[in-house]
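Please read the structure below before turning to the comments.
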Amino acid sequence: MIMGRRKINKPRRERPEPSPMTVALADAYECGHCNSTARVTKDERGISHLWISHDDGCPVLAGTLPAAPDLARAADAAASDQDPFGPKDH
């Protein structure tokens with residue numbers, strides 16, 4: 001069984017803009033070692049991508065230090081501003 005294959009006669013659904021959580025993550029990301037920038041893009045298939053650009057001399061960019069602590073801080077900050085279950089209908 002092949003998973004995730006494209007069905008020939010089924011139209012592809014249009015994906016919405018990046019989720020508010022993804023945008024909040026990009027807004028909250030700060031590298032502790034440089035003046036990095038973060039942005040969200042959407043590719044031709046509608047998949048969101050988070051791009052983080054570090055300064056040339058940044059130890060995170062060089063792989064000397066991990067990016068995980070900065071990502072965890074950004075995720076925590078983004079999650080504190082967002083409802084994990086989405087908007088309420090009532």
Side-chain angles (χ1 to χ4, degrees):
M1 176 183 203
I2 298 174
M3 301 293 291
R5 65 186 179 136
R6 185 166 187 247
K7 301 189 179 49
I8 295 172
N9 294 326
K10 186 175 180 182
R12 295 190 71 103
R13 66 183 168 105
E14 191 63 32
R15 294 182 189 239
E17 292 301 313
S19 72
M21 182 67 177
T22 306
V23 174
L25 181 65
D27 290 342
Y29 183 84
E30 290 182 18
C31 179
H33 306 282
C34 73
N35 297 319
S36 63
T37 58
R39 63 187 172 95
V40 178
T41 61
K42 189 171 122 178
D43 67 15
E44 66 276 356
R45 293 187 178 135
I47 300 171
S48 298
H49 299 272
L50 176 63
W51 296 88
I52 300 172
S53 301
H54 293 275
D55 294 342
D56 289 337
C58 181
V60 175
L61 178 64
T64 307
L65 295 174
D70 297 325
L71 285 170
R73 276 192 298 277
D76 186 45
S80 66
D81 292 338
Q82 301 290 319
D83 182 353
F85 300 106
K88 304 280 190 277
D89 290 336
H90 54 283

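As the structure is a computational prediction, the values presented were derived from the model and not from experiment.
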- [ ] Can you tell me which residue pairs pass the salt bridge (charged side-chain N to carboxylate O under 4.0 Å, His left out) test with a partner in residues 52-64, sequence neighbours excluded?
- [x] none
Open item on the list: With salt bridge (charged side-chain N to carboxylate O under 4.0 Å, His left out) as the rule and sequence neighbours excluded, what pairs involving residues 65-75 come up?
Closed with: Asp70-Arg73
Open item on the list: Show the nearest heavy-atom pair for residues Met21 and Ala75, with the distance to one decimal.
Closed with: CE-O, 4.2 Å
TODO: Please report the shortest heavy-atom distance between Ala28 and Ala74, naming the atom on each side.
DONE: CB-O, 3.7 Å
Open item on the list: Taking side chain to side chain donor-acceptor pair (under 3.5 Å) as the cut-off, I'd like each qualifying pair that reaches into residues 32-41, sequence neighbours left out, listed once.
Closed with: Thr41-Trp51
Open item on the list: Same cluster or not: Leu25 versus Ile52, using hydrophobic residues (I, L, V, M, F, W, Y) connected whenever any side-chain heavy atoms lie under 4.5 Å apart?
Closed with: yes
Open item on the list: Hydrophobic clusters here meaning ILVMFWY residues chained together by side-chain heavy-atom distances under 4.5 Å, can you tell me if Tyr29 and Val40 are in one?
Closed with: yes
